[in-house]
Amino acid sequence: MLKKKIGDCKCLVLPLCLTSSALRSVPRRMYYTREGKGLFAKKSIKKGENIFTERPLVSAQFLWNTLYKYKACEYCLRALETAEQNARRLSGNPGLSLPHPELCKVRPELHQACPQCQVMYCCSECRQAAAEKYHRVLCLGPTEDNPDHPINKLKDAWRSIHYPPETSSIMLMAKMVAAVKQAKDKAHWQKLFSHFCSRTANEEEEIAHKLLGEQFKGQLALLHSLFTSALFDEHLSRWFVPEGFRSLFALVGTNGQGIGTSSLSQWVHACDALELPVQQREQLDSFIDQLYKDIDKETGDFLNCEGSGLFILQSTCNHSCIPNAEASFPDNNFLLHLSALCDISPGEEICISYLDCCQRDRSRHSRHKILRENYLFSCSCPKCVSQMEEQDVTSEEEEEAEAEGETEGDEMEDEMTDV
């Protein structure tokens with residue numbers, strides 16, 4: 001499970017995927033066709049053109065991200081802080097004032113809380129949508145802060161196992177269960193989730209998902225027990241047996257598309273679009289540059305509200321180390337926009353990358369190692385085929401990361417075992 005920078009949003013990238021609700025957000029002019037596991041262009045697509053827009057079946061903010069006061073709509077993940085509030089918190093400067101505050105699109109007067117548990121939403125529509133879809137099952141009411149509630153125990157166990165930088169959330173699995181529980185047509189929702197790959201291993205190539213390895217057996221057993229205690233439903237009994245839980249875990253790990261939202265990022269983009277005299281432009285750019293330096297010093301890389309979601313259509317996109325399309329979240333919510341990185345011809349496959357920019361620059365051996373461990377396949381894209389004669393060497397960046405990881409792993413092993 002990997003990090004990907006999308007614009008100013010750092011978020012996870014994993015292969016992903018359409019529901020009846022998602023279809024409503026797709027443009028009427030169909031630029032693509034689905035053929036098995038793959039997406040192909042039906043018409044010519046120009047560089048920069050939006051191929052489709054899609055909403056997820058379910059999405060969830062990461063649990064550490066929530067704990068660290070990154071405020072997002074519980075339903076659509078829209079950032080709830082104003083750009084100025086966001087900048088003040090991230091920079092550690094409570095007296096900071098942003099120029100052009102009118103460019104901030106956050107509307108606090110529209111925000112609404114669940115009347116039972118006080119979870120926040122960006123608007124009444126999102127609060128209602130969550131209630132109708134899954135929140136009636138997951139709402140803790142007055143026990144929201146009770147550490148002994150089964151769902152809070154599950155959250156705490158996940159946080160104890162899965163430290164930042166986060167790549168997934170047990171609550172994505174919880175929302176899948178809750179959506180089926182609340183649905184009138186439970187079979188329909190189970191069928192929607194069945195579109196996603198949930199293999200725990202690739203027997204043909206003898207690859208097993210790294211998160212399901214023997215070293216995580218104890219942690220998975222604990223999560224399985226807590227998940228069952230909190231959410232068991234007889235209509236979904238196959239998800240609650242050990243092997244079914246492992247498959248559900250693999251489904252979320254392999255298919256969860258990272259989502260990043262930021263009111264500050266939106267404000268910066270709006271500032272970039274302003275037509276200003278040269279001197280005012282230089283002053284504004286200088287202010288923004290200094291702001292990001294202050295934020296980097298105070299907060300580091302964690303700038304955004306972060307979470308992940310399950311997108312049916314996007315999950316049909318295969319991987320390439322030289323992708324011709326990429327996902328972004330320009331609406332500051334969970335709506336995924338897939339855009340062309342270059343001109344795409346009719347009949348050409350639309351591919352995204354499951355690797356971030358830095359990982360794509362690594363050696364073929366290093367790229368394959370990441371893809372095998374996280375996605376259970378070896379890549380045969382044109383770039384990988386052209387590098388087949390190269391030695392199986394590990395990139396310098398990966399060697400350094402592994403050296404750091406060994407040190408950190410030794411320090412964290414006891415904590416993970418204690419969960």
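What's counted below: heavy atoms across the whole structure, side chains too, no hydrogens, waters or symmetry copies.
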Neighbour count >12 (heavy atoms, 6.0 Å) for atom [atom1], [X]:
X	atom1	result
Lys153	NZ	no
Lys383	NZ	yes
Lys181	NZ	yes
Lys71	NZ	no
Glu234	CD	no

Point-to-point distance, once rounded to the nearest 0.5 Å, from [atom1] of [X] to [atom2] of [Y]:
X	Y	atom1	atom2	value
Ser263	Asn332	OG	CG	6.5 Å
Cys379	Leu355	SG	CG	8.0 Å
Asn152	Asp156	CG	CG	6.5 Å
Leu98	Leu103	CG	CG	10.0 Å

Restricting to non-hydrogen atoms, name the atom on [X] and the atom on [Y] that form the minimum distance, rounded to 0.1 Å.
X	Y	value
His368	Cys384	NE2-SG, 3.3 Å
Lys42	Pro346	O-CB, 3.9 Å
Asp356	Gln359	OD1-N, 2.7 Å
Arg88	Leu96	NE-O, 2.6 Å
Met120	Ala113	SD-CB, 3.4 Å

Are any non-hydrogen side-chain atoms of [X] and [Y] less than 4.5 angstrom apart?
X	Y	answer
Ile350	Asn324	yes
Gln85	Arg89	no
Leu303	Tyr292	yes
Asn304	Tyr70	no
Ile170	Leu63	yes
Met176	Val180	no
Ser247	Glu243	yes
Leu310	Phe193	yes

### Task
Take Thr228 and Phe245 through the test side chain to side chain contact (heavy atoms under 4.5 Å, CB included) and record every step on the way to the result.
CA-CA 9 Å; Thr228 302; Phe245 180 76; over 6 Å; no

### Task
Give the C-alpha distance, both sets of side-chain angles, the deciding distance and a yes or no for side chain to side chain contact (heavy atoms under 4.5 Å, CB included) between Thr167 and Phe62.
CA-CA 8 Å; Thr167 58; Phe62 295 148; 5.6 Å; no

[Y] backbone acceptor or donor facing [X] side chain under 3.5 Å:
X	Y	value
Ser168	Gly253	no
Lys133	Leu57	yes
Asn86	Glu81	no
Glu54	Leu336	no
Arg136	Ala131	yes
Asn333	Leu335	yes

#### Entry: Arg367 to Tyr354, cation-pi by 6.0 Å centre distance and 45° axis angle
no

### Query
Taking only residues two or more places apart in sequence, or in another chain, which ones meet His111 in a ring pair (Phe, Tyr, Trp, His ring centres under 6.0 Å)?
none

### Task
Could you tell me if the ring centre of Tyr68 sits under 6.0 Å from that of Phe302?
no

### Message
Taking the six-membered ring for Trp, are Phe232 and Phe240 closer than 6.0 Å centroid to centroid?
### Response
yes

### Task
Before giving the answer on side chain to side chain contact (heavy atoms under 4.5 Å, CB included), spell out for Leu80 and Val106 the whole-Å C-alpha distance, their side-chain angles and the decisive distance to 0.1 Å.
CA-CA 7 Å; Leu80 297 179; Val106 176; 5.6 Å; no

### Task
Would you kindly say whether Asn318 and Glu349 are connected by a side-chain donor-acceptor distance under 3.5 Å?
yes

### Query
Are His162 and Ser169 close enough that a side-chain donor and a side-chain acceptor fall under 3.5 Å?
no

### Query
Aromatic rings Tyr163 and Trp64: how do their planes relate, parallel, tilted or perpendicular, breaks at 30° and 60°?
parallel

### Task
May I ask you to decide if the ring planes of Tyr134 and Tyr75 are parallel, tilted or perpendicular, using 30° and 60° as cut-offs?
parallel

## Note on the structure
Those residues at least two apart in sequence (or on a different chain) that pass salt bridge (charged side-chain N to carboxylate O under 4.0 Å, His left out) with Arg127 are none

### Task
Go through the steps for Arg78 and Cys126 under the test side chain to side chain contact (heavy atoms under 4.5 Å, CB included), then give the verdict.
CA-CA 10 Å; Arg78 183 183 299 278; Cys126 278; over 6 Å; no

